[in-house]
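Below: one structure, written as structure tokens.
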Amino acid sequence: MNYVYLIPLFPLLGFLINGLLALSFKTRSDEKIPGMSLVSWIGCGSVGLSFLTSITIFFKLLALPAGERVVQKIAFPWILSGTFHVDIGFLLDPLSSVMILVVTGVGFFIHVYSTGYMAEDKGYARYFSYLNLFTFFMLMLVLSNNFLLLYLGWEGVGLCSYLLIGFWYEKKTASDAGKKAFIVNRVGDFGFALAVMLIFWTFGNLNFTSVFENAPQVLAFGGGLVTAITLLLFMGATGKSAQIPLYVWLPDAMEGPTPVSALIHAATMVTAGVYMVARCHALFLLAPISMGVVAVIGAVTAIYAASIGLVQNDIKRVLAYSTISQLGYMFLACGVGAFTAGIFHLMTHAFFKALLFLSAGSVMHALAGELNMQKMGGLKKHTPVTFWCFLAGTLAISGIPLFSGFFSKDEILWKAFSSSSGHFLLWLVGVITAGMTAFYMFRLFFMVFLGKSRMNPHVEAHVHESPKPMTIPLIVLAVLSVIGGYVGIPKSLGGSNRFEGFLSSVFEGGHEVSAEATAHAPSAEYLLMIISIAVVLTSIFLSYRFYIKNPDIPKRLAAKYKTAYNILSNKYYVDEFYNKVIVNPLLNLAWFLWKKFDVLVIDGTANGIASLVKWGGGVIRKTETGYLRNYTLSLIFGAMLILAYFILR
Amino acid sequence: MDWIIPAVNLKLILPEIVVCLFAILILVTDPFLSKERKIWSAHLSWIAVVIAFIANIRLWNLQEATFTNMFLVDNYATFFKFIFLAGSFLIILISMSYLKREEILHGEYFSLILFSTLGMMLLASGFDLVVIFLGLEIMSVSLYVLAGFKRSDLASNEASLKYFLMGAFATGFLLYGIVMIYGSVGSTNLGQIINHITSNDAGSNLLIWAGAGLLLVGFGFKIASVPFHMWVPDVYQGAPTPITAFISAGPKAAGFAALLRVFLFSFTTIKMDWTMIVWIMAALTMSVGNIVALAQSDIKRMLAYSSIAHAGYVLVALVAGGETGVSSALFYLLAYTFMNIGAFTVVIALGRKGQDNTKLEDYSGLGSRSPILAILMTIFLFSLAGFPPTAGFMAKFYVFGSAVKSGFTGLVIIGVLNSLISVYYYLRIVVLMFMQAPVTRTDNERIKVAFCAILVLIISTWAVLQMGIFPQSLLSLAQASVSSIF
């Protein structure tokens with residue numbers, strides 16, 4: 001476990017080497033991308049090595065007795081200034097070990113996939129260096145043992161997200177989307193930064209262990225300070241994890257390469273907010289109001305994003321809204337105190353959403369970059385591997401029993417209903433969202449793979465299955481999506497929920513709150529389970545009727561409920577609303593400040609002072625005559641002044 | 001046969017012995033070297049520095065005086081010797097290709113650098129005003145010769161002569177100060193002086209005050225503080241560029257080594273409050289250095305004024321005093337050595353035979369002609385201007401931090417305003433390098449950088465970034481060095 005620093009170190013080295021390679025390749029202008037295999041080996045190898053290290057460390061952690069599974073490793077002191085002390089230190093506990101496995105594991109397969117997907121791109125080395133840098137920052141984020149290092153990772157992944165969304169920067173929409181993501185995240189990060197400062201102000205320390213241990217003594221339960229801290233933390237989480245009201249960047253982020261969407265905007269970075277809330281559960285549990293806010297925002301985001309997903313036609317945007325919706329589930333779980341369930345869903349979601357995105361990428365690869373689902377259909381016979389993998393992912397996300405999503409989603413729904421801070425309405429929203437999820441996912445599935453082909457004929461002529469580097473990660477992730485849930489089979493279904501047991505030492509506080517859950521009869525849990533399964537199956541059936549049996553039903557419905565359809569397909573006009581209410585007034589204000597205040601007042605003052613100083617420089621320069629006699633005079637003059645001062649004191 | 005070790009503990013002055021012996025060795029062997037083999041002298045000299053460095057490492061954590069209490073080895077002196085030896089090492093490396101290019105490769109150059117280094121080491125270890133004077137003169141006389149080493153170049157001759165005349169003049173002040181102190185204390189030993197001052201009512205003793213004032217003039221000249229700075233621009237511009245870099249790094253640090261020890265140890269502020277005058281000197285030095293640097297059009301002259309300004313920042317640390325003040329000064333001098341030598345190395349790399357290319361417009365478009373040199377220059381300039389994450393930022397941060405802690409907020413405000421001004425002239429070069437087209441010139445050939453210069457660039461860049469990002473290890477080294485002088 002002493003080697004924990006190796007986990008982020010490998011991707012960092014990968015970034016440095018690939019970054020240098022990218023720089024040195026740039027000067028040459030051959031047709032073929034040079035050094036491709038070297039870049040691939042370094043890019044995938046570095047993450048692969050971290051993955052292996054993570055596995056080793058995970059098993060070492062598992063070998064420790066349950067109570068001792070918290071290991072802190074200080075690499076070196078980072079900032080020492082007065083009483084302010086921050087280390088570059090790593091915290092290994094069940095929570096972070098799950099996160100590093102997800103990040104390096106899923107990350108590794110996405111790297112491998114990228115070698116196929118990006119094979120013809122000019123910026124191949126640049127792409128891999130960014131991807132490695134992202135992995136490094138993400139690992140720092142989840143391994144950090146203090147808030148500042150967490151913040152560093154947090155900002156770092158934000159930077160990489162920006163770089164990778166705008167990877168094809170010649171495309172205006174891509175660079176705009178990158179900027180949008182960065183700016184929207186800045187709003188959330190502002191809150192996060194304030195929270196970190198408040199924490200330092202309150203505790204005089206930023207180390208997780210000491211902050212969380214002292215929290216119950218320092219902060220009053222439900223007090224204003226802890227509520228402010230947690231709400232600000234959550235504000236950061238809404239930015240990074242794309243929750244209402246800061247979710248708007250994620251759908252646009254789909255302009256980036258598809259593996260990036262899979263890695264950053266589905267499996268890892270966007271879950272950082274969930275991780276952070278779970279990591280700070282000790283603070284959140286002290287603030288019931290914040291918990292309520294987290295749960296409600298989570299639930300509302302879940303159903304809201306799912307409803308938009310119902311009518312989108314862009315394959316990646318459907319998945320993007322689905323991601324927002326699933327993240328809402330995770331926050332719902334955290335908000336009702338079921339942190340384990342949230343992290344469990346985070347893990348299974350990482351598997352199946354990465355799978356779905358990569359499959360979508362494979363579809364795009366087959367169709368020469370086509371994104372519009374209306375121009376697909378009947379791909380099953382052309383791309384059988386992608387078809388089966390996508391089916392596995394769809395079943396998992398829809399919550400079909402025996403697939404991973406079922407276990408995690410059902411646990412969240414059950415906790416939302418049964419936990420002391422849960423509510424019937426939260427459960428209801430969750431179940432309706434589950435129905436919607438199943439509907440739009442199968443809609444996507446049917447429209448892309450089954451039914452009649454609506455493809456452009458000369459695109460159809462070239463449709464092909466993706467190469468091996470792409471299909472093998474798909475198969476691995478498909479297997480994980482199917483079996484990934486078996487680590488957390490709930491007790492009511494005869495399992496032992498090993499996942500919860502493993503994480504329980506981290507979330508002891510959270511356990512107490514949800515302990516009352518056990519008071520409910522198991523029959524209630526069965527009943528809820530059956531209801532949600534029924535809702536999901538009905539949705540799938542509806543979807544089948546709409547898109548396979550009677551493809552004209554959707555059109556008729558859209559015509560009949562025109563207003564509702566327009567609102568949904570225009571995403572509730574939120575982007576327009578934001579532009580009108582926030583962006584444009586800000587732009588106007590900025591224009592005023594620039595033209596009137598800045599140019600006249602600030603620049604005027606600054607330039608005035610600058611020319612004054614420059615003039616002074618010119619004047620004093622004249623004393624530099626080059627004559628020794630003047631120099632000695634100055635020396636004597638100085639000596640006399642000093643002597644006079646000393647003697648006449 | 002048994003060797004009987006004399007009463008003097010030779011281990012303590014081993015670094016000095018090594019440097020001195022090698023300097024003599026070079027002088028003796030050089031006449032017998034054929035013209036192609038003159039470079040051997042250079043190799044001998046850096047080997048000497050490396051051996052002395054290793055010998056010096058063995059003295060770390062040792063606190064012992066020798067030569068009847070005139071020569072003191074403590075961590076403070078040892079730390080300074082690390083700075084001097086590192087600086088000399090880098091200078092020797094960049095000198096080799098420069099001397100070859102200018103066709104003035106003579107062995108005595110390296111011998112003189114070693115002698116000068118020896119003088120600095122004596123300054124750092126001197127525990128007696130006489131030894132300090134001796135060290136100062138050994139250092140300075142070698143420098144006078146080195147400044148005029150380009151014998152056929154008029155500017156170089158002028159630099160040498162001006163430096164010598166002014167230096168001799170300032171030395172007179174220093175010596176006179178020593179005499180006055182001897183007159184009132186009856187000893188030149190720093191330990192005796194502090195005893196005398198603390199046990200008597202020194203505040204009313206005019207002789208000691210006058211002596212201290214004259215010492216301040218003498219040291220002020222060596223560290224180039226205003227108003228004793230007038231020689232700096234002429235000498236810096238005229239001297240061969242490696243020597244300019246040398247003067248701005250080692251001798252300045254050596255001047256500070258003696259100044260800090262004498263003033264903070266012997267003239268303790270509790271008994272003699274001289275902070276006000278140094279406060280004024282610091283403020284003036286920073287302001288004049290930075291403001292006049294704005295008006296320069298030659299990079300060597302600009303760096304000369306920048307070096308004056310940096311001396312001002314270190315004086316702020318002297319005003320702050322105390323352990324934090326002195327350790328921040330040590331850290332600053334270490335950082336300055338690397339960033340300044342780094343910047344000068346780039347300046348040298350741009351020169352041609354007989355054509356220094358030190359006009360600011362020679363830097364236009366360097367970013368496209370030689371991107372790596374331009375990036376490195378940018379790092380050094382950022383460090384000089386005090387941007388994170390470079391050594392210059394951390395150094396300023398510690399100096400200003402210690403001054404705030406001692407209650408000199410006003411001086412810190414002046415300092416911060418000054419570093420603001422300095423940003424203008426440092427960044428102007430960065431702007432020229434990256435945002436302007438190269439001036440049309442006849443010799444647009446590739447800039448070739450000698451292997452040794454590349455080595456210096458790598459070491460300096462590494463040091464600047466290391467001290468900027470992970471300052472803790474070197475800062476704690478500096479902190480461990482200062483306890484002995486309080």
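Chain naming here is simple, since letters A, B, ... match the order of the sequence lines and numbering starts at 1 in each.
In this structure, A/Tyr5 and A/Tyr3 have tilted ring planes: the angle between them lies in the 30° to 60° band.
Counting heavy-atom pairs closer than 4.5 Å to chain B, the top-ranked of the candidates A/Val613, A/Asn630, A/Val619 is A/Val613. Put simply, of B/Ala293, B/Gly401, B/Pro233, the one with the most heavy-atom pairs under 4.5 Å next to chain A is B/Pro233. Of the listed residues A/Ile642, A/Leu643, A/Leu635, the one with more heavy-atom pairs under 4.5 angstrom with chain B than any other is A/Leu635. For the set B/Asn290, B/Leu294, B/Ile469, the entry with the most heavy-atom pairs within less than 4.5 Å of chain A is B/Leu294.
Of the two parts of A/Tyr645, only the side chain, counted from C-beta on, holds a non-hydrogen atom closer than 4.5 Å to a non-hydrogen atom of chain B. Proximity to chain B is absent for every atom of A/Phe637, based on heavy atoms less than 4.5 angstrom apart. Both the backbone and the side chain of A/Ile647 come within less than 4.5 Å of a heavy atom in chain B. With a 4.5 angstrom heavy-atom cutoff, B/Ala212 touches chain A via backbone and side-chain atoms both.
Salt bridge status for B/Arg301 with B/Asp234: present, with a side-chain N to carboxylate O gap under 4.0 Å. Here A/Glu155 pairs with A/Arg186 in a salt bridge; the nearest charged N to carboxylate O distance falls below 4.0 Å.
Around CZ of B/Phe397, the count of heavy atoms belonging to other residues, nucleotides or ligands within 6.0 Å does not exceed 12. Sparse packing is recorded around OH of A/Tyr162, with 12 or fewer heavy atoms of other residues, nucleotides or ligands lying under 6.0 Å away.
Here B/Ser419 pairs with B/Tyr313, B/Lys396, B/Phe400, B/Ser422 under the side chain to side chain contact (heavy atoms under 4.5 Å, CB included) rule; sequence neighbours left out.
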